*Asks:* 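Here it is, the structure in full.
Lettering of chains follows the sequences in order, A, B, ..., and the numbering in each one begins at 1. Bear in mind that the values here come from a model prediction, so they are computed numbers and not experimental data. Every heavy atom of this structure was used, including side-chain atoms; hydrogens, water molecules and symmetry mates were not.
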Number of protein chains: 2
Amino acid sequence: MRTDLLCRCHYFAGLAEETLTAAASAAQLRHVSGGEFFFRQGDPASHFYVLAEGHARLSQITPEGRQVIMGLIGPAHAIGIIAAIPGALYPLDLQATQDSQALTWNQRTLHMLLESHPVLGLRALRMVSSRFVELQDRYRELATERVERRLARAILRLVAQVGRPEAGGVTIALPLARQDLAELTGTTLYTVSRTLSAWEDAGIIRSGRERVTLCDPARLTAIAEDLPTA
Amino acid sequence: MRTDLLCRCHYFAGLAEETLTAAASAAQLRHVSGGEFFFRQGDPASHFYVLAEGHARLSQITPEGRQVIMGLIGPAHAIGIIAAIPGALYPLDLQATQDSQALTWNQRTLHMLLESHPVLGLRALRMVSSRFVELQDRYRELATERVERRLARAILRLVAQVGRPEAGGVTIALPLARQDLAELTGTTLYTVSRTLSAWEDAGIIRSGRERVTLCDPARLTAIAEDLPTA
DNA sequence: GGGCGTCGTTGCGCTAGATCAAAGAAGGCA
DNA sequence: TGCCTTCTTTGATCTAGCGCAACGACGCCC
């Protein structure tokens with residue numbers, strides 16, 4: 001059942017049975033309550049995690065105390081491969097937003113795994129590279145696109161990642177405050193609220209307290225991509 | 001002399017002589033004229049490069065044609081380790097801004113090197129991770145900081161990277177138009193021009209056509225870090 | 001079920017910075 | 001030397017989105 005989880009995780013998906021069981025049996029299980037931190041920005045990068053249950057938020061905080069959300073993490077997401085690099089520090093906070101459980105490997109275990117299963121090294125490079133490319137895209141977006149479009153893309157991403165189908169739409173299965181969306185898209189909660197209200201008037205979404213339901217994906221995609229509004 | 005270059009490059013620095021000579025002798029030399037591209041966004045990632053001479057620009061272009069500069073590359077900079085990943089595409093353009101020369105390894109050569117010198121795999125992960133962390137910082141900056149501060153940081157970075165000491169300051173040894181600085185910081189050439197003019201009036205910098213000289217690093221750092229202006 | 005804390009909405013004013021327009025410099029080349 | 005291209009500066013105007021403030025709504029806990 002641990003190997004099932006690993007299979008659903010990009011990092012381990014499709015590897016040899018033997019590799020999976022080795023990884024699974026070397027893992028420890030860690031429980032973190034909602035609001036608590038898996039690790040903090042600046043801590044020595046001591047563990048690699050694969051989230052098993054719950055949700056968590058990757059964020060950075062500015063010297064002035066403003067927060068930026070770099071990502072929202074759900075089950076089967078791998079985080080902290082930087083622990084494979086001797087002496088590295090975590091560059092971000094990882095905070096559980098609900099009670100969560102994760103498989104975890106410490107540095108020593110991770111090194112042993114990487115040595116006996118070299119494919120995991122290539123996988124690590126592949127994972128970091130693909131996150132790097134995603135971040136580049138978000139950077140470009142932030143540098144060149146309007147708030148409305150960035151918000152549209154963020155919601156489409158979240159729906160794709162943790163959408164739960166429902167009568168009349170797909171709901172983001174995650175408590176998600178306006179403030180969270182603001183920190184995720186580089187704007188303010190006021191602007192998020194106004195934009196969501198406008199979309200709700202237009203019938204594109206329905207929303208409530210810490211909840212967003214996408215009703216008309218096509219129109220939101222049109223906003224995100226600047227297609228002609230049909 | 002090839003190994004000298006590799007030594008100055010983060011990726012190879014401090015490795016065993018044997019590894020360096022193996023890498024150096026496996027490399028090919030490629031010349032690219034100013035304005036030409038080493039590779040384009042979307043091309044299959046076929047080669048890994050270490051720039052030997054000249055300068056180049058890593059950039060992304062939006063569907064609407066707006067350009068964003070992700071980095072400026074000088075000698076001894078390694079680019080394109082993504083070529084180690086089978087099937088990957090380059091996510092960016094790499095364009096020579098002057099006549100340039102680079103050492104280069106194709107996919108097959110790169111794989112052979114990585115297999116016979118496993119330390120290079122860990123180095124690759126380390127390099128991508130550190131670039132990832134840098135990009136995260138720039139992302140946070142873009143999301144939370146004013147243009148003036150972002151521009152101050154960009155200039156400080158450039159001075160640290162390619163500064164050439166001169167009478168009365170340090171000049172950025174790179175032809176650098178206002179438009180380039182704008183694309184590097186996520187603003188417009190008008191705002192860059194106004195800001196530089198203000199700084200020049202204040203005696204912090206001197207500037208000219210495609211040229212910036214930093215005269216008062218302390219004051220610019222104060223702007224970049226929001227220290228009290230002495 | 002009533003009170004309270006948290007979250008969301010919306011009107012209003014404001015400003016950082018984009019955009020437009022037009023007029024200089026600086027260099028390259030014939 | 002003079003023309004032409006490219007880069008830069010600066011004024012004027014405009015606007016997206018920020019920040020504040022006040023109010024409203026939801027949900028939780030005693």
*Asks:* Checking A:Thr104 against A:Gln28: is there a side-chain donor and acceptor pair closer than 3.5 Å?
*Replies:*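 Distance-only check fails for A:Gln28 and A:Thr104.
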
*Asks:* Using a cut-off of less than 4.0 Å, is there contact between a side-chain N or O of B:Ser207 and OP1 or OP2 of D:dT8?
*Replies:*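 Looking at the OP1 and OP2 atoms of D:dT8, neither is under 4.0 Å from any side-chain N or O of B:Ser207.
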
*Asks:* Going from CD1 on A:Ile82 to CG on A:Leu89, what distance comes out if it is rounded to the nearest 0.5 angstrom?
*Replies:*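 Those atoms lie 7.5 Å apart.
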
*Asks:* Counting only side-chain heavy atoms from C-beta out, which of D:dG17, C:dT19, C:dC12 sits nearest to A:Thr187?
*Replies:*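 Nearest listed nucleotide: D:dG17.
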
*Asks:* If the plane angle is over 60° it's perpendicular, under 30° parallel, otherwise tilted; pick one for B:Tyr49 and B:Phe38.
*Replies:*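 Taking B:Phe38 first and then B:Tyr49, their aromatic rings stand perpendicular (interplane angle over 60°).
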
*Asks:* At 10 degrees resolution, what angle do the end axes of the helix from C:dG1-D:dC30 to C:dA30-D:dT1 form when each is taken over five base pairs?
*Replies:*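 Inter-axis angle at the termini of the helix from C:dG1-D:dC30 to C:dA30-D:dT1: 30°.
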
*Asks:* Rounded to the Å, how far apart are A:Leu151 CG and D:dC18 P?
*Replies:*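 In whole Å, D:dC18 P and A:Leu151 CG are 11 Å from each other.
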
*Asks:* Tell me which nucleotide among D:dT10, D:dC20, C:dC7 gets nearest to the side chain of A:Arg194.
*Replies:*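 Side chain of A:Arg194 sits closest to D:dC20.
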
*Asks:* Tell me: CD of A:Glu210 to P of D:dA25, nearest whole Å?
*Replies:*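 Those two atoms, CD and P, are 18 Å apart.
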
*Asks:* Can you check the A:Leu189 CG to D:dC18 C1' distance for me, whole Å?
*Replies:*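 Spelled out: CG on A:Leu189 to C1' on D:dC18 is 11 Å.
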
*Asks:* Would A:Ser207 and A:Glu200 count as having a side-chain donor-acceptor pair, cut-off 3.5 Å?
*Replies:*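 The criterion, which ignores hydrogens and geometry beyond distance, is satisfied for A:Glu200 and A:Ser207.
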
*Asks:* Which residues within residues 138-150 of chain B lie with some heavy atom under 4.0 Å of an atom in DNA chain C?
*Replies:*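 The stretch gives B:Arg146, B:Val147 as the residues lying under 4.0 Å from the strand, ordered by number.
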
*Asks:* Give, for atom CD of A:Gln98 and atom NE2 of A:His55, the distance between the pair rounded to the nearest 0.5 Å.
*Replies:*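 Answer for the CD-NE2 pair, A:Gln98 versus A:His55, is 5.0 Å.
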
*Asks:* Could you state the atom-to-atom distance from CZ of A:Arg211 to C1' of C:dC7 in whole Å?
*Replies:*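 The distance from CZ of A:Arg211 to C1' of C:dC7 comes to 13 Å, rounded to the nearest Å.
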
*Asks:* Quick one: which of D:dG19, C:dG27, C:dG5 gets closest to the side chain of A:Arg209?
*Replies:*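 Comparing D:dG19, C:dG27, C:dG5 against the side chain of A:Arg209, the answer is C:dG5.
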
*Asks:* I need the CZ-C1' distance between A:Arg178 and D:dG19, as an integer number of Å.
*Replies:*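 Whole-Å distance recorded here is 19 Å.
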
*Asks:* Under a plain distance cut-off of 3.5 Å, with no hydrogens placed, do B:Thr171 and B:Glu166 share a side-chain donor-acceptor pair?
*Replies:*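 Checked: B:Glu166/B:Thr171 side chains pair up, N/O donor to acceptor below 3.5 Å.
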
*Asks:* Check every atom of D:dG27, C:dT19, D:dT8 against the side chain of B:Tyr190 and return the nucleotide holding the closest atom.
*Replies:*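 Closest nucleotide to the B:Tyr190 side chain: C:dT19.
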
*Asks:* Would you kindly compare B:Val192 and A:Arg66 by the position of their nearest DNA chain D nucleotide and give the one closer to the 5′ end?
*Replies:*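 Its nucleotide being nearer the 5' end, the pick is B:Val192.
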
*Asks:* Just by distance, no angles: are the side chains of B:Glu53 and B:Ser100 close enough, under 3.5 Å, to form a donor-acceptor pair?
*Replies:*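 No - no donor-acceptor pair under 3.5 Å links their side chains.
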
*Asks:* Could you check how far CD of B:Glu200 sits from P of D:dT9, rounded to whole Å?
*Replies:*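 In whole Å, D:dT9 P and B:Glu200 CD are 7 Å from each other.
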
*Asks:* Regarding B:Ser193, tell me which of base, sugar-phosphate or nothing describes its non-hydrogen contacts under 4.0 Å with the strands shown.
*Replies:*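 It contacts base atoms.
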
*Asks:* Just how far, in rounded Å, is P of D:dC7 from CG of B:Leu181?
*Replies:*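 Distance check: B:Leu181 CG to D:dC7 P gives 13 Å.
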
*Asks:* Please check: side-chain N/O of B:Asp43 versus main-chain N/O of B:Tyr90, any donor-acceptor pairing under 3.5 Å?
*Replies:*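 Answer holds: no.
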
*Asks:* Please give, in whole Å, the distance from D:dT8 P to B:Leu196 CG?
*Replies:*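 After rounding, the gap between these two atoms is 9 Å.
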
*Asks:* Taking only residues two or more places apart in sequence, or in another chain, which ones meet B:Tyr139 in a ring-ring contact (aromatic ring centres under 6.0 Å, His included)?
*Replies:*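 Expected list: none.
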
*Asks:* Under 30°, 30 to 60°, or over 60°: which ring-plane class applies to A:Phe12 and A:Phe48, parallel, tilted or perpendicular?
*Replies:*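 Plane angle between 30° and 60°, so tilted.
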
*Asks:* Establish, with yes or no, whether the OP1 or OP2 oxygen of C:dA16 is under 4.0 angstrom from a side-chain nitrogen or oxygen of B:Thr191.
*Replies:*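 Negative; the distance criterion is not met.
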
